[in-house]
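Keep in mind it's a predicted model, so treat the numbers as computed, not measured. Each ligand, and each atom within it, is numbered from 1 in the order the structure gives.
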Amino acid sequence: MASLSCGVPGKVFCSSKSREGSINDHMHDRPKGLLPFTRRPTLESSTVTHVAVTCPATLPPPPPPPLATEIFQPDNNRLAAWKSIRQERWEGELAVQGQIPLWLSGTYLRNGPGMWHIENYNFRHLFDGYATLVGLHFENGRLTAGHRQLESEAYRAAKKSKKLCYREFSEVPRAENFLSYIGELASLFSGASLTDNANTGVVRLGDGRVVCLTETVKGSIQIDPDTLETVGKFAYADSLGGLIHSAHPIVTQTEFLTLLPDLIKPGYRVVRMDPGSNERKVIGRVDCRGGPAPGWVHSFPVSEHYIIVPEMPLRYCAQNLLRAEPTPLYKFEWHPESKAFMHVVSRATGNIVGSVEVPLFVTFHFINAYEERDERGRVKAIIADCCEHNADPSILDKLRLQNLRSFSGEDVLPDARVGRFTIPLDGSPHGKLEAALDPEEHGRGMDMCSINPDYLGKKYRYAYACGARRPCNFPNTITKIDFLTKTAKNWHEEGSVPSEPFFVPRPGATEEDDGVVISMVSAKNGEGFALLLDGSSFEEIARAKFPYGLPYGLHGCWVPKARQN
Ligand SMILES: CC(=O)/C=C/C=C(C)/C=C/C1=C(C)CCCC1(C)C
Ligand SMILES: CC(/C=C/C=O)=C\C=C\C=O
Ligand SMILES: [Fe+2]
């Protein structure tokens, strides 16, 4: 029986029908000699009928004992971070150790690729997995939690046909014959074969709608933040076309800004959408200054008056898009000769007010940006911070599931830092890129960042991110960066993998770090828990264990509880 039950009494969706899945022994990406990581239901068997019942206060069954032939690695084998979620959905109240502040009222939603297989076929890369949404509902110091698979077309088609039907980050459906290969090439250009598996992030628009996103434009899917149910496609009501966009739009109460890379005439369109509207409007365009294709724009920063468009030498690659087998850089290519640039677009006019060459860089995530003024109050430079991988694109391949699942104790996570760009607006041709603090402060690991949202685009002092306690193969600490003192405070629990720390400010706060930091942790012993740290002291204030291990997840958002009256 693969169904889950709750750790505390509560409303739980229990499986009315389920069967233990076969052991997956066809893992194409498993190192030779290692046996399966876990028993788990097949995709089919996890598609169970769910009935809301009240469960007794039982703990879930312990994980199955390893088979006699299994090589048991106590430190590595139980971690749930890189294992597919075992059931489509669950919901229940969690017992809380510690104190949840009473002011914390609302829902933290986290999205991420939580299911990395179809039947006995295992995906290659972290970013390939089908989206799993996790929700934490905080109210009056209590916590109700749950997860649910996102019902994208890609996920539904895979369940129905028991095979991959759309192109994921690294996975490509197998063409059955030459004619179907030609058909697939055509459908790649029309976008029909691209995934809508919105597994990267989730945002709350100014009008209250909640949308899951990935890098394909068609992968914009609205969900209900209370039930985690899929509402339907978020269709853009404009004729901008374009197949891909930044996975991280800038979303505030008043706007939605994103970048649409143009692969035909290399450049980026800067677009804006109002709350309540589905229509994006172009506010500017940046032509690339180097390379055969635009640089990858997983994210970008904004300051109060400007949108900053990064042109990274890790560029989209048309040939790699067509390949059935991935290259070490997947759909991208490293072009150091094409150089790197930062462009600055005025929010008011859409004009380019600055464009400078910068040192080569690799980043997924920008942290924030702000304007520096001269003594007469004129903006003289933009400061833009990012999680920078020392201009080494190999980080992308380190996120292959085989690498993540096979930690041997060797320190294999490449070094990263907080990269701080200084982009002059006085016409100088070059900008600077330097470490904002000594990377040893956060163990030379740096990714998955957040800030106090009230400081978006403004001068700020603190950032929260995942850092490293070495040796490791993935960021394994939660770190609070203080840009003023150039120091970091670090949370770490041996063998565990925390997801992106998300900062929620206390209503009425006057200090930037007055609030809580939420993260979901996959623990070494196979368990999963929600963790709350005090934003200021960075001490743990509460944790609440899920009745099952949590797969790793990427980005989240906060949905405040609607005020009554
Ligand atoms: C999870 C994450 O961070 C990134 C996901 C990126 C995806 C799903 C990218 C998909 C793509 C294709 C399916 C083809 C076109 C290129 C590209 C945008 C990389
Ligand atoms: C998890 C990650 C990088 C970790 C490297 O240290 C990147 C995630 C990117 C997508 O959101
Ligand atoms: Fe991201």
message: Quick check on Glu440: does its CD atom have over 12 non-hydrogen neighbours (other residues, nucleotides or ligands) under 6.0 Å away?
response: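 Atom CD in Glu440 is crowded, with more than 12 foreign heavy atoms closer than 6.0 Å.
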task: Return yes when atom NZ of Lys339 has more than 12 non-hydrogen atoms of other residues, nucleotides or ligands closer than 6.0 Å, and no otherwise.
output: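 No, not enclosed.
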task: Give a yes/no verdict on a cation-pi contact between Lys398 and Phe474, requiring under 6.0 Å between NZ or CZ and the six-membered ring centre and an angle within 45° of the axis.
output: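 Lys398 over Phe474 ring: no.
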- prompt: So is Arg420 actually on top of Phe483's ring, under 6.0 Å and inside 45° of the axis?
  reply: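 Checked: cation-pi criterion met.
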field: Residue of the set Val211, Asn111, Val210 for which side chain to side chain contact (heavy atoms under 4.5 Å, CB included) holds with Ile223
entry: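 Only one of Val211, Asn111, Val210 forms a side chain to side chain contact (heavy atoms under 4.5 Å, CB included) with Ile223, namely Val210.
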Flag side-chain contact, heavy atom, 4.5 Å: [X] against [Y]:
| X | Y | value |
| --- | --- | --- |
| Leu437 | Ile481 | yes |
| Cys387 | Cys449 | yes |
| Leu260 | Arg280 | yes |
| Trp296 | Tyr316 | yes |

Starting from [atom], which protein heavy atom do you reach first, and at what distance in Å?
| atom | value |
| --- | --- |
| atom 2 (C) of ligand 1 | Thr200 OG1, 3.3 Å |
| atom 11 (C) of ligand 1 | Thr216 CG2, 4.5 Å |
| atom 11 (O) of ligand 2 | His555 NE2, 2.8 Å |
| atom 5 (C) of ligand 1 | Thr214 OG1, 3.7 Å |
| atom 6 (O) of ligand 2 | Pro475 CG, 3.2 Å |
| atom 18 (C) of ligand 1 | Ile244 CG2, 3.5 Å |
| atom 10 (C) of ligand 2 | His298 NE2, 3.3 Å |
| atom 4 (C) of ligand 2 | Asp447 CB, 3.8 Å |

- prompt: Roughly how far, to the nearest 0.5 Å, is OG1 of Thr200 from CG of Leu554?
  reply: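 Leu554 CG to Thr200 OG1: 6.0 Å, rounded to 0.5 Å.
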Please identify which atoms of ligand 2 are closer than 4.0 Å to at least one heavy atom of [X].
| X | answer |
| --- | --- |
| Ile395 | 5 (C), 6 (O) |
| Phe127 | 8 (C), 9 (C), 10 (C) |
| His365 | 8 (C), 9 (C), 10 (C), 11 (O) |

query: So, for Tyr108 and Glu500, which heavy atoms are closest and what is the spacing to 0.1 Å?
result: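 In this case the closest contact between Tyr108 and Glu500 is OH-O, 4.2 Å.
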Answer side chain, backbone, both or neither: which part of [X] comes under 4.0 Å from ligand 1, heavy atoms only.
| X | answer |
| --- | --- |
| His298 | side chain |
| Leu321 | side chain |
| Asn199 | side chain |

Close approach, Phe332 and ligand 1, non-hydrogen under 4.0 angstrom: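 Yes, Phe332 has a heavy atom closer than 4.0 Å to ligand 1.
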message: Applying side-chain contact (heavy atoms from CB on, under 4.5 Å) to Ile308 and Ile382, what does each step give before you reach the verdict?
response: CA-CA 9 Å; Ile308 294 96; Ile382 304 288; 3.8 Å; yes
field: Side-chain ion pair, Glu493 and Arg543, N-O less than 4.0 Å
entry: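 Counted as a salt bridge, because a side-chain N and a carboxylate O are separated by less than 4.0 Å.
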field: Atoms of ligand 1, numbered as shown, that sit under 4.0 Å from any heavy atom of Phe169
entry: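 In order of number, 6 (C), 7 (C), 9 (C).
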Arg167: numbered ligand 1 atoms lying under 4.0 Å from its heavy atoms: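 Listed by number with element: 13 (C).
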query: Backbone N or O of Leu322 within a donor-acceptor pair of the Gln319 side chain at under 3.5 Å?
result: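 Pair absent, no side-chain N/O of Gln319 close to backbone of Leu322.
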message: Can you confirm, on distance only, whether ligand 2 has an N/O atom lying under 3.5 Å from any N/O atom belonging to His389?
response: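 Between His389 and ligand 2 (N or O atoms, distance only) the closest approach is not under 3.5 Å.
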task: From atom 12 (C) of ligand 1, work out which of Leu554, Asn111, Leu194 has a heavy atom at the shortest distance.
output: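 Result: the heavy atom closest to atom 12 (C) of ligand 1 is in Leu194.
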- request: Quick one: give me the number of protein N/O/S atoms under 2.8 Å from the Fe ion (ligand 3).
  value: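 There are 4 of them.
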message: Could you check, using the six-membered ring where one of them is a Trp, whether Phe529 and Phe546 have ring centers closer than 6.0 angstrom?
response: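 They do not qualify: ring centres at least 6.0 Å apart.
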